Amino acid sequence: QRPSNPDNGEDSHRISPSPVVHVRGLCEAVVEADLIDALEKFGPICYVMMMPFKRQALVEFSAVESADRCVSCGAKEPVYIAGQQAYFNYSTSKRITRPTNADNPNSGNKVLLLSIQNPLYPITTDVLYTVCNPIGSVLRIVIFKRNGIQAMVEFESVQCAQKAKAALNGADIYAGCCTLKIEYARPTRLNVIKNDNESWDYTKPYLSPASSGPPCPLLPLPGNSRYKLTSVDVPDMVSYPLPQSSSSYSGHAPSSVAMVSGLHPSKMNCTRIFNLFCLYGNIEKVKFMKSVPGTALVEMGDEYAVDRAITHLNSIKVFGKRLNVCVSKQHAVIPSQVFELEDGSSSYKDFAMTRNNRFSSAGQASKNIIQPPSAVFTHTLAAVCVFWQLCTEHDVPGFVKFKMFDAKPSSKTISGLLEFDSKTEAVEVLTVLNHYQIRIPNGSNPYTLKLCFSTSSHL
């Protein structure tokens, strides 16, 4: 039986026809080229915007008649993209916003803007060159860190850039992470003044630093990478050069300190920042800034932990305020100007020795499932009723659904999933109750409640 979907049938015509079609139900392995292959039979396509984490995309046809054929066909019979049935509806937008050449919808650019989502592994010029160059000759690369990790890649021609965008837009550099979202960039040429991890001009090898040192250990590219290549082979290994001490394109040297602003003055403290940020890397120290209310510095285990925190936590809402997370110019948190926060706790706390850090060894780090905030998180506790009681006592929203996993006979705790009304509610509950100490009857030591966001978006 065909699954019901509100985007099909008569509902699809409640939105006025548009040349832009909203595509849903895409599989994880899909890239821009798959959509073009499946949908160009309805008419010429002039732009595609991938939304990989949502498994959705926007496809702009040259004419509204083509979009109408696509939506109508999808309502009458299954349309498959990369082997999986997709669903179609008109978009409320009449045109996909492009970062460049707004007056000409068919124009391209030989410079692509790459946004790397869920960057669990280091992203360097070597990595991007290895991924991009087999598809089209790469001239220059610049990596920068503002809201997460982004890069601009300049190709030899517009045709090479178009080919790379189609092949790589929506792909994972590594299986399940480092997902590429690609658009055309504003600049038509990149200016590189030195060759290192953050920038490289492949037409000027003499820009290389005098001594770059030996490369780090090689990290294999997984065999099931999502990007598709036709006549060329991708090297099996990517070499990571040692991190350089500075970068002229990130605005400041890479730092393991994040600056967090937009913190609620009475509901956020050092411990609650730890509870949220520890999902993305070890936390060394947290310090609120006396001179800038609602702002704190978070020293993490390394710069990649900061990148993950920025990617997943920047712009989320916590206690009605939107967080702004960015790389700090500071390279360490110094415990100066310690004062009392509104809740009576200290403005500075050292977490370097806490057992609640989750990335203290390679084995421990490999067990973490790093996910963006969602309305569902996993828990391990004595009973669901205990968690409901904790929500009531701490004045945070209660869960609306739960699912328990089978426990071992000898286990004193059970694990499962809890779903909340919204992502915002789940974030607030995790911020307050993560690592809460629970007394177990007849137990010698209290039990530490550990929470993390789930891969499930709902139960």
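When a residue number appears, it is its place in the shown sequence, counting from 1. Not measured: the values here are computed from a predicted model.
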Undergrad: Are R358 and C452 side-chain neighbours, meaning at least one heavy-atom pair lies under 4.5 Å?
TA: yes

Undergrad: Suppose we screen for ring-ring contact (aromatic ring centres under 6.0 Å, His included). Which residues come up paired with Y436, at least two apart in sequence or across chains?
TA: H394

Undergrad: Which residues pass the salt bridge (Lys or Arg N to Asp or Glu O under 4.0 Å) test with E154, sequence neighbours left out?
TA: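 E154 satisfies salt bridge (Lys or Arg N to Asp or Glu O under 4.0 Å) with K110, R140 once adjacent residues are dropped.
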
Undergrad: Tell me whether N118 contacts the main-chain N or O of Q371 through its side chain, where contact means a donor paired with an acceptor under 3.5 Å.
TA: no

Undergrad: Would you check if the side chain of N109 reaches a backbone N or O of V111 as a donor-acceptor pair within less than 3.5 Å?
TA: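 Flag set: sc N109 to bb V111 pair under 3.5 Å.
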
Undergrad: Give a yes or no answer on whether the side chain of N357 reaches the backbone of N282 with a donor-acceptor pair at less than 3.5 Å.
TA: no

Undergrad: Tell me, do I81 and V30 make a side-chain contact under 4.5 Å, heavy atoms counted?
TA: yes

Undergrad: Under 3.5 Å, is there a donor on one side chain and an acceptor on the other for H22 and N89?
TA: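 No donor-acceptor contact under 3.5 Å links the two side chains.
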
Undergrad: Considering residues at least two apart in sequence or located in another chain, which fulfil the ring-ring contact (aromatic ring centres under 6.0 Å, His included) criterion with Y129?
TA: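 For Y129, the residues satisfying ring-ring contact (aromatic ring centres under 6.0 Å, His included) (neighbours in sequence not counted) are Y202.
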
Undergrad: What distance do E299 atom CD and L297 atom CG have between them, rounded to the nearest 0.5 Å?
TA: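 The CD atom of E299 sits 9.5 Å away from the CG atom of L297.
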
Undergrad: Compare all side-chain heavy atoms of V427 with those of L276 and state whether any distance is below 4.5 angstrom.
TA: yes

Undergrad: Got a sec, which residues hit side chain to side chain donor-acceptor pair (under 3.5 Å) with R69, two or more places apart in sequence or on another chain?
TA: S66

Undergrad: Taking D34 for the side chain and A82 for the main chain, is one N or O donor matched with an acceptor at less than 3.5 Å?
TA: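 Not confirmed, D34 side chain does not pair with A82 backbone.
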
Undergrad: Tell me, please, which residues at least two apart from F351 pass ring-ring contact (aromatic ring centres under 6.0 Å, His included).
TA: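 Counting only residues at least two positions away or on another chain, F351 forms a ring-ring contact (aromatic ring centres under 6.0 Å, His included) with F274.
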
Undergrad: Among V153, L114, T124, which residue satisfies the side-chain contact (heavy atoms from CB on, under 4.5 Å) criterion with I141?
TA: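 Result: among V153, L114, T124, V153 is the only option passing the side-chain contact (heavy atoms from CB on, under 4.5 Å) with I141.
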
Undergrad: Taking the side chain as everything from C-beta on, heavy atoms only, tell me whether R24 gets closer than 4.5 Å to R55.
TA: no

Undergrad: Do I283 and V286 come close enough that some side-chain heavy atom pair is under 4.5 Å?
TA: yes

Undergrad: Taking only residues two or more places apart in sequence, or in another chain, which ones meet S91 in a side chain to side chain donor-acceptor pair (under 3.5 Å)?
TA: none

Undergrad: F61 vs F42 aromatic rings, parallel, tilted or perpendicular, using cut-offs 30° and 60°?
TA: perpendicular

Undergrad: Kindly state each residue pair satisfying ring-ring contact (aromatic ring centres under 6.0 Å, His included) with at least one member in residues 306-326, sequence neighbours excluded.
TA: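 Applying ring-ring contact (aromatic ring centres under 6.0 Å, His included) to every pair that reaches into residues 306-326, excluding sequence neighbours, yields Y280-H312.
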
Undergrad: Between L112 and K165, which heavy-atom pair has the shortest distance, and what is it?
TA: CD1-N, 4.0 Å

Undergrad: side-chain contact (heavy atoms from CB on, under 4.5 Å) with A33: which residues, sequence neighbours excluded?
TA: V31, A166

Undergrad: According to side chain to side chain donor-acceptor pair (under 3.5 Å), who are the partners of E428, at least two apart in sequence or on a separate chain?
TA: none

Undergrad: Roughly how far apart are E284 CD and D302 CG, rounded to 0.5 Å?
TA: 9.5 Å

Undergrad: Do you see a donor-acceptor pair shorter than 3.5 Å between the side chains of S16 and K94?
TA: yes

Undergrad: Please report the shortest heavy-atom distance between R272 and K267, naming the atom on each side.
TA: NH1-O, 2.8 Å

Undergrad: Should N195 and D201 count as side-chain neighbours, where that means a heavy-atom distance under 4.5 Å?
TA: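 The answer is yes, as the side chains (C-beta and beyond) meet within the 4.5 Å cut-off.
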
Undergrad: Would you call L417 and E419 a side-chain contact if the rule is heavy atoms closer than 4.5 Å?
TA: no

Undergrad: How close do I45 and E40 get, heavy atom to heavy atom, and via which atoms?
TA: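 Where I45 meets E40 most closely, the heavy atoms are CD1-N, 3.8 Å.
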
Undergrad: Side-chain contact test, heavy atoms from C-beta onward, threshold under 4.5 Å: evaluate it for T295 versus L263 and give yes or no.
TA: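 Sidechains of L263 and T295: no contact.
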
Undergrad: Mind checking ring-ring contact (aromatic ring centres under 6.0 Å, His included) for F420 and listing every partner two or more places apart, or none if nothing turns up?
TA: F377

Undergrad: Please indicate whether K317 has more than 12 foreign heavy atoms, meaning atoms of other residues, nucleotides or ligands, lying under 6.0 Å from its NZ.
TA: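 No, because the 6.0 Å sphere around NZ of K317 holds 12 heavy atoms or fewer from other groups.
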
Undergrad: Please round to the nearest 0.5 Å and tell me the distance separating atom NZ of K163 and atom OG of S157.
TA: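 Between K163 NZ and S157 OG, I get 9.5 Å after rounding to 0.5 Å.
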
Undergrad: For residues T179 and D172, report the shortest heavy-atom separation together with the two atoms involved.
TA: OG1-OD1, 2.6 Å

Undergrad: Of all the heavy-atom pairs spanning M300 and F277, show the shortest one and how long it is.
TA: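 For M300 versus F277, the nearest heavy atoms are CE-O, 3.7 Å.
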
Undergrad: With sequence neighbours excluded, tell me which residues meet side chain to side chain donor-acceptor pair (under 3.5 Å) with T455.
TA: none

Undergrad: State which residues pass side-chain contact (heavy atoms from CB on, under 4.5 Å) with S315; sequence neighbours excluded, sorted by chain then number.
TA: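 R322.
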
Undergrad: Ignoring hydrogens and angles, tell me if any N or O in the side chain of T311 forms a donor-acceptor pair with the backbone of Q117 under 3.5 Å.
TA: no

Undergrad: Checking R189 against F155: charged group under 6.0 Å from the ring centre and within 45 degrees of the axis?
TA: no

Undergrad: Check the surroundings of atom CE in M152: do more than 12 heavy atoms from other residues, nucleotides or ligands lie under 6.0 Å from it?
TA: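 More than 12 within 6.0 Å, yes.
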
Undergrad: Could you pull out the closest heavy-atom pair between P19 and V64, with the gap in Å?
TA: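 Between these two residues, the closest heavy atoms are N-CG2, 3.9 Å.
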
Undergrad: Backbone N or O of I96 within a donor-acceptor pair of the S93 side chain at under 3.5 Å?
TA: no

